[in-house]
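A short write-up of the structure that comes next.
Quick caveat, the model's predicted, so the values are computed rather than measured.
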Amino acid sequence: MTPASPGGEPRGLKRRSSHVVIVGGGVMGAASACFLVRDHGATVTVLERDPTYARASSALSASSIRQQFSQPVNIALSRWSLDFLRRVGDELAVAGERPAIGLVEPGYLYLATTAGAAVLRNHHAVQRGAGADVALLDPAALQARFPWLAVRDLALASLGLSGEGWFDGPALHQAFRRKAIACGAQFIAADVQGLETAADRVTAVACSDGRRFAGDAVLLAAGAWTAPLAARLGLALPVAAKKRDVFVLDCPTPLPGCPLVIDPAGVWFRPEGRGFLAGAPPREPWPGDPDEPPLDAVDHGLFDEVLWPRLAARVPAFEALRVRSAWAGYYEMNAFDHNGLAGRVPGWRNAFTACGFSGHGMQQAPAVGAGIAALIAGGRGHAPSLDGLTPERVAAGRPLLESNVI
Ligand SMILES: Cc1cc2nc3c(=O)[nH]c(=O)nc-3n(C[C@H](O)[C@H](O)[C@H](O)COP(=O)(O)OP(=O)(O)OC[C@H]3O[C@@H](n4cnc5c(N)ncnc54)[C@H](O)[C@@H]3O)c2cc1C
């Protein structure tokens, strides 16, 4: 946990006041707002420059959830979120209307050749130690369970038996937003350009149209666009936009029991409705510019030259694939250690951030929203600890490297 400041600042804001200004109304900002107003009685203003969320990662996410990480903190956060998602109808109901997010749990399946088998075994030990319901399968067991998969080149696989799958991420985002508003949060269209400070406190945020919003605490949750804002507080956040293409595919042959499959080459696929989603590591140089090129700039060559050959080699039925549509969005990628940065901004009493989730932010939004709200308001309650994700680790040179990034 971020230590109390030398001046003896209480760990939360409860005793002084509780008006929190949140910059960014994506799933992180909306979840944080929801827990602050619902569970801590705070007053919250969320400033979002594009209320259509056209370019927000939260609107363009593949919205899958797993426990197969290499770091225990990520397993703990995803498990906390999973419990929340299973109860989401109760947690985020508004006036008797229960949100539906379509959570399904067919698992993740990580595949390894001989070269990757030792790493898979090491991760398996970490995951079992953290309580994940995962099993290792040899090629024979794999073939018996998934007869549609080509396993000849594989040495080992890791399958999530429960607690992994996917859901409707934009529906979760909207449910957090609706619940936050129902509990009193205000969402305002505003483009934040500056942060006003006095000594070691942020006193207000300044918008491009001249409006100012004063608050007792500020949370920077602007996704791939957070680093320029944090730089105004002297914090060099190693977070930049990384483009990901997602292809929506039709395949005439069903694949019974298909989980989210991660090929050793980094290619992934999973069912979506009657079709499939699939993706591959991007070919564009990184870091990219989240405002250029336009978001519809899908790398179609990636499908023809990389993705389709790999998919057809792994699943012979995919020879007959057809691309129905495609989209591209941005991971808010943390180059330092591929993990979220959630906690107090070092050197500032009342500034916090939640960004850099590197492709696992949608699934961690419930846990991180609850955790950051507790940190800002004071008092943990049932919220998970965000100790491991403190932004202080960057300046301290203590990476918490997540090696399972898809
Ligand atoms: C293709 C793709 C697939 C993904 N797949 C998964 C997955 O399977 N599982 C998973 O868990 N995660 C996945 N993710 C990641 C996940 O979607 C993100 O981690 C998460 O949505 C980040 O939410 P956010 O609120 O931090 O950012 P965003 O949703 O980007 O929200 C940030 C908001 O801040 C606003 N903003 C920016 N600057 C300002 C400013 N100056 N003033 C006011 N507002 C501002 C933006 O307009 C934006 O709406 C995926 C992401 C993508 C793109």
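In this structure, Asp263 contributes its side chain and Trp268 its backbone to no donor-acceptor pair below 3.5 Å. Remark: side-chain polar atoms of His173 are not paired, donor with acceptor, to backbone N or O of Ala30 under 3.5 angstrom. Ser208 places no side-chain N or O within donor-acceptor distance of the main-chain N or O of Gln193, the cut-off being under 3.5 Å. Trp348 places a side-chain N or O within donor-acceptor distance of the main-chain N or O of Leu233, the cut-off being under 3.5 Å. Side-chain N or O atoms of Ser358 include one that pairs as donor or acceptor with a backbone N or O of Asn334 at under 3.5 Å.
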(message) If you apply the rule salt bridge (charged side-chain N to carboxylate O under 4.0 Å, His left out), what do you find for Glu392 with Arg344, and how did you get there?
(response) CA-CA 8 Å; Glu392 286 181 347; Arg344 198 186 297 261; over 6 Å; no
(request) Please assess Asp153 against Arg314 for the test salt bridge (charged side-chain N to carboxylate O under 4.0 Å, His left out), listing each intermediate value before the final yes or no. (result) CA-CA 10 Å; Asp153 59 326; Arg314 184 58 62 208; 2.9 Å; yes
(message) For Phe269 and Leu277: C-alpha separation, side-chain torsions, deciding distance, then whether side chain to side chain contact (heavy atoms under 4.5 Å, CB included) applies.
(response) CA-CA 6 Å; Phe269 63 91; Leu277 299 184; over 6 Å; no
(message) Does Ser403 form a side chain to side chain contact (heavy atoms under 4.5 Å, CB included) with His123? I'd like the steps, not just the answer.
(response) CA-CA 9 Å; Ser403 42; His123 289 169; 3.4 Å; yes
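Between Glu332 and Thr226, every side-chain heavy-atom pair lies at or beyond the 4.5 Å cut-off. The shortest distance between side-chain heavy atoms of Phe352 and Ser32 does not fall below 4.5 Å. When side chains are defined from C-beta on, Val23 counts as touching Leu229, because their heavy atoms get closer than 4.5 Å. When side chains are defined from C-beta on, Leu302 does not count as touching Pro282, because their heavy atoms never get closer than 4.5 Å. The shortest distance between side-chain heavy atoms of Val218 and Val20 does not fall below 4.5 Å. Between Val323 and Val248 there is no side-chain heavy-atom pair separated by less than 4.5 Å. Residues Leu341 and Leu389 are not in side-chain contact: their nearest non-hydrogen atoms beyond the backbone lie 4.5 Å or more apart. Between Trp148 and Cys258, some side-chain heavy-atom pair lies under the 4.5 Å cut-off.
Taking the six-membered ring where the residue is Trp, the centroids of Tyr108 and Phe69 are separated by 6.0 Å or more. Residues Phe84 and Phe167 keep their aromatic ring centres 6.0 Å or farther apart.
A side-chain donor from one of Arg270 and Ser64 sits under 3.5 Å from a side-chain acceptor of the other. When only modelled atom types and interatomic distance are considered, Asn350 and Asp216 share no side-chain donor-acceptor pair under 3.5 Å. Residues Gln68 and Asn404 bring no donor and acceptor atom of their side chains to less than 3.5 Å of each other. Between the side chains of Gln67 and Asp133, not a single donor N or O lies within less than 3.5 Å of an accepting N or O. Counting only N and O atoms by type, the side chains of His360 and Asn339 include a donor and acceptor under 3.5 Å apart.
Salt bridge annotation for Arg98-Asp90: present, with a cationic side-chain nitrogen under 4.0 angstrom from a carboxylate oxygen. Ion pairing between Arg322 and Asp250 fails under the 4.0 Å rule for side-chain N and carboxylate O. Using a cutoff of 4.0 Å between basic side-chain nitrogens and carboxylate oxygens, Arg398 and Asp337 are not scored as salt-bridged. Classification of Lys179 and Glu91 as a salt-bridged pair fails, no side-chain N sitting under 4.0 Å from a carboxylate O.
Within a 6.0 Å radius of CZ in Arg283, other residues, nucleotides and ligands contribute more than 12 heavy atoms.
Taking both residues in full, the closest heavy atoms of Ala42 and Val37 are given as O-CG1, 3.4 Å, listed atom of the first, atom of the second, then distance. Of all heavy-atom pairs between Gly371 and Leu386, the closest is C-CD1, 3.5 Å. Scanning all heavy atoms of the two residues, the minimum distance from Ala230 to Leu237 falls at CB-CD1, 3.5 Å. Here the shortest heavy-atom pairing between Gly329 and Leu60 reads CA-CD1, 3.8 Å. Across all non-hydrogen atoms, the minimal contact from Leu120 to Ala112 is CD2-CB, 3.8 Å. When every heavy atom of Pro106 is checked against every heavy atom of Pro259, the shortest pair comes out as O-CB, 3.4 Å.
One distance of note links CD of Gln186 with OG1 of Thr43; it measures 9.5 Å at 0.5 Å rounding.
Applying the side chain to side chain contact (heavy atoms under 4.5 Å, CB included) test to Gln174 and every residue at least two apart in sequence or in another chain returns Tyr53, Arg177, Arg178. In this structure, the side chain to side chain contact (heavy atoms under 4.5 Å, CB included) partners of Glu196, at least two apart in sequence or on a different chain, are Thr203, Ala204, Ala206, Arg212. The side chain to side chain donor-acceptor pair (under 3.5 Å) check on Ser78 picks up Gln363, with sequence neighbours excluded.
Partner of Phe318 under the ring pair (Phe, Tyr, Trp, His ring centres under 6.0 Å) criterion, out of Phe276, Trp308, Phe247: Phe276 alone.
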